[in-house]
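Since the structure comes first, as structure tokens, the remarks are kept for the end.
If you're wondering where the values come from, they're calculated on a predicted model, not measured in any experiment. Atoms considered below: every heavy atom in the structure, side chains included; atoms not considered: hydrogens, waters and symmetry mates. Sequence lines set the chain letters: A, B, ... in the order given, protein chains first and strands last, and positions in each chain run from 1.
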2 protein chains.
Amino acid sequence: MTITQLQYVLAVAEHKNFTLAAEKCFVTQPTLSMQIQKIEEELNILIFDRSKKPIQLTDIGQKIVNQAKNIVNEADRIKDIVEQQKGFIGGEFRLGIIPTIMPTLLPMFLNNFIKKYPKVKLLIEELNTDEIIVKLKNGHLNAAIAATPLEDEKIKEIVLYFEPFVAYIPEHHSSFQKEEIEVSDLNINEILLLQDGHCFRDGILNLCKNGTDIEQNNFQIQSGSFETLIKLADEGLGTTLLPYLHTMDLKDSDKLKLRNFKEPKPAREVSLIYPKSELKMQIIDALRSTIAGVVKGAIVFQNVQIISPLQKK
Amino acid sequence: MTITQLQYVLAVAEHKNFTLAAEKCFVTQPTLSMQIQKIEEELNILIFDRSKKPIQLTDIGQKIVNQAKNIVNEADRIKDIVEQQKGFIGGEFRLGIIPTIMPTLLPMFLNNFIKKYPKVKLLIEELNTDEIIVKLKNGHLNAAIAATPLEDEKIKEIVLYFEPFVAYIPEHHSSFQKEEIEVSDLNINEILLLQDGHCFRDGILNLCKNGTDIEQNNFQIQSGSFETLIKLADEGLGTTLLPYLHTMDLKDSDKLKLRNFKEPKPAREVSLIYPKSELKMQIIDALRSTIAGVVKGAIVFQNVQIISPLQKK
DNA sequence: ATTTTTGCATCACAAAATACTATCAAAATG
DNA sequence: CATTTTGATAGTATTTTGTGATGCAAAAAT
């Protein structure tokens with residue numbers, strides 16, 4: 001039994017297809033077929049049920065795949081340990097970022113980071129929280145930036161900053177006169193929300209559920225970008241909530257429509273998250289310190305109340 | 001990097017000698033030398049400092065060895081998973097037992113066990129607790145039977161039974177008249193103890209320290225067997241304490257000198273212990289159930305007070 | 001101080017394992 | 001029914017792993 005064989009098993013288990021798995025492993029399909037047969041023979045069991053289409057894991061195969069993941073992860077960490085010892089910070093690093101953080105945070109730290117760690121090849125992907133969790137677990141991402149806490153056993157979190165929610169109230173709205181607003185001023189049914197799947201949407205639903213129930217009446221528009229929501233609000237279609245960093249690059253005329261919450265301000269917790277396997281910890285730590293550096297200047301710590309980003313059932 | 005290479009690294013790390021390590025791996029020394037060189041080259045580091053005699057691990061080498069242990073352990077478990085699935089209970093199994101449990105417990109369950117699981121080749125070794133802990137951690141033992149709790153992070157314990165201490169009081173002793181005795185009746189300085197290194201000795205010291213301090217006066221004889229202690233006690237040299245199972249095969253004349261403690265009786269906790277890696281769990285569980293079966297008849301559960309087997313500093 | 005022993009490295013070569021190309025057979029697709 | 005997809009197999013090339021013989025330096029023994 002070799003580590004290579006286990007990697008082949010994992011590839012087939014993931015793609016449910018020998019040919020595709022072989023490609024991903026950069027070998028030909030017969031090579032992979034034979035190695036899979038060899039390990040099955042050595043263990044004297046069948047890992048895959050080839051009679052089903054697409055290919056299925058047998059019961060014992062599932063157990064072996066789980067264990068193989070452990071082994072391959074632990075083996076990968078050896079190279080990690082060596083690099084860490086050498087103080088080498090480089091190589092490919094796959095980072096996921098949720099859409100509501102991406103446009104504001106990424107420009108703030110990306111330049112700093114690539115200058116400081118030129119040997120790291122950052123591969124950044126915009127994904128929503130659910131997709132991120134899956135990809136962290138199956139190893140397609142090394143780390144991600146998302147709203148937390150996620151309460152996921154297999155994922156670790158390092159809090160980067162707390163980002164208050166800011167209300168955007170169009171001029172004609174009744175709350176426009178107030179200097180600061182409270183959660184109770186908000187009517188969930190007139191808040192313009194992002195599409196389903198954005199955790200920022202879920203966070204706001206959690207925030208507002210506290211007082212009133214959601215009435216499924218009237219209209220509800222959901223958009224994928226805050227810019228749309230702002231324009232809709234300006235058209236008199238309701239109010240909206242923005243994460244603090246988003247408010248910084250509004251036009252001055254729009255900034256006048258922003259209203260802070262009274263303390264403790266509702267806020268989201270933004271964290272760097274990564275799988276428990278803790279691969280590439282040097283780079284994760286490099287990211288953390290770079291982001292901490294740039295965010296410290298932008299976000300003044302205030303008395304905040306953290307809103308869960310999770311969808312409550 | 002292959003699992004085989006990691007095993008070679010572990011063998012050299014353990015024996016600090018290429019030639020010996022090669023033997024243990026059942027390959028020639030050049031094979032092992034070359035594979036070690038290959039993995040060092042692949043990682044581009046030195047794992048061993050060959051200039052020192054005996055060979056030393058480099059700093060990074062130590063870290064790699066730690067990780068290699070993980071990997072090899074996890075890899076071993078794959079075969080374990082397969083056997084478990086197949087319901088196969090067999091193969092070599094190395095069991096350590098402490099000297100004060102060996103002569104009484106082993107005859108009680110060994111016959112049952114080998115009849116029930118004829119494919120298991122039990123390799124039993126008499127070792128004291130310290131030796132057992134080392135050998136469990138480095139993989140030279142699969143499990144052991146010892147007094148617990150050990151409070152060791154890396155070792156798991158399954159309690160088998162509680163074995164009360166019984167006092168052996170010679171006829172002319174002042175406590176001989178009492179039907180039941182108490183801890184306060186014991187004078188640590190007149191109790192005959194086993195040699196240093198036996199945890200039964202440490203347990204008794206813990207028991208008696210509660211009341212009085214140990215005076216380092218007079219005489220203290222330490223023996224390696226209870227039989228010696230009994231004879232010395234008969235000669236009027238003091239009293240001694242025996243574990244309950246040991247009292248069962250005394251001569252009737254000697255049994256008259258036994259005195260039980262008042263409840264809660266001081267007792268030792270005897271457990272099946274094994275490393276966290278949890279290899280060969282099927283056999284460990286087979287042992288547990290076999291021993292539980294035979295002990296249930298012999299030891300009536302009573303109100304006991306567990307004495308720690310650990311040497312307090 | 002010389003010899004012997006110990007212990008790892010190196011060389012040349014054998015055996016085994018791994019991978020590739022080409023091809024086949026079965027199942028799924030149209 | 002022809003076509004495509006997908007995994008297995010055969011034969012061969014390449015790479016890896018292993019062996020025995022030997023070298024060489026340092027430590028141990030005489």
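- Residues passing the side-chain hydrogen bond (donor to acceptor under 3.5 Å, both in side chains) test with B:Ser289: none are found, sequence neighbours excluded.
- For B:Tyr117, the ring pair (Phe, Tyr, Trp, His ring centres under 6.0 Å) partners are B:Phe113, not counting sequence neighbours.
- Checked by atom type and distance alone, the side chain of A:Ser271 never pairs as donor or acceptor with a backbone atom of A:Glu157 at under 3.5 Å.
- Comparing the local axis fitted to the first five base pairs of the helix from C:dA1-D:dT30 to C:dG30-D:dC1 with the one fitted to its last five gives a bend of 30°, rounded to 10°.
- For A:Gln67 (side chain) and A:Ile64 (main-chain N/O), no donor-acceptor pair under 3.5 Å exists by modelled atom type.
- A salt bridge links B:Lys156 with B:Glu278: at least one charged nitrogen is closer than 4.0 Å to a carboxylate oxygen.
- Spacing between atom CD of B:Glu42 and atom C1' of D:dT17 amounts to 15 Å, rounded to whole angstrom units.
- Evaluation of the side-chain hydrogen bond (donor to acceptor under 3.5 Å, both in side chains) rule for A:Lys52 yields A:Asp49 as partners, not counting sequence neighbours.
- Listed by first and then second residue, the salt bridge (charged side-chain N to carboxylate O under 4.0 Å, His left out) pairs that reach into residues 136-154 of chain A are A:Lys137-A:Asp152, sequence neighbours excluded.
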Any N/O pairs under 3.5 Å between the protein and nucleotides 5-9 of chain D? List them or say none.
| from | atom 1 | to | atom 2 | distance (Å) |
| --- | --- | --- | --- | --- |
| D:dG7 | OP1 | A:Phe18 | N | 3.1 |
| D:dG7 | OP2 | A:Asn17 | OD1 | 3.2 |
| D:dG7 | OP2 | A:Phe18 | N | 2.9 |
| D:dG7 | OP2 | A:Thr19 | N | 2.9 |
| D:dG7 | OP2 | A:Thr19 | OG1 | 2.9 |
| D:dA8 | OP1 | A:Arg50 | NE | 2.3 |
| D:dA8 | OP2 | A:Ser33 | OG | 2.8 |
| D:dA8 | N7 | A:Gln29 | NE2 | 2.9 |
| D:dA8 | N6 | A:Gln29 | OE1 | 3.2 |
| D:dT9 | OP2 | A:Gln37 | OE1 | 3.4 |

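- Sorted by first then second residue, the side chain to side chain donor-acceptor pair (under 3.5 Å) pairs that include residues 75-87 of chain B, not counting sequence neighbours, are A:Lys63-B:Gln85, B:Glu74-B:Arg77.
- Between A:Ile98 and the options A:Leu127, A:Leu105, A:Thr129, a side chain to side chain contact (heavy atoms under 4.5 Å, CB included) holds for only A:Thr129.
- Under a cut-off of 6.0 angstrom, the local environment of CE in A:Met34 is sparse, with at most 12 non-hydrogen atoms contributed by other residues, nucleotides or ligands.
- A:Ala68 meets the side chain to side chain contact (heavy atoms under 4.5 Å, CB included) test with A:Leu6, A:Leu10; sequence neighbours excluded.
- A straight line from NZ of B:Lys52 to P of D:dA26 spans 16 Å, rounded to a whole angstrom.
- Taking side-chain N and O atoms only, B:Thr28 has a distance below 4.0 Å to OP1 or OP2 of D:dT19.
- Remark: B:Glu126 pairs with no residue by the side-chain hydrogen bond (donor to acceptor under 3.5 Å, both in side chains) rule, at least two apart or across chains.
- Contacts of residues 3-12 of chain B with DNA chain D (heavy atom under 4.0 Å): B:Tyr8.
- For residues 14-36 of chain A, no residue pair satisfies the salt bridge (charged side-chain N to carboxylate O under 4.0 Å, His left out) rule, not counting sequence neighbours.
- Using a 4.0 Å cutoff to heavy atoms of chain B, the contacted part of DNA chain C runs 5' to 3' from C:dG7 to C:dT10.
- Straight-line distance from the CD1 atom of B:Ile36 to the P atom of D:dT17: 13 Å, rounded to whole Å.
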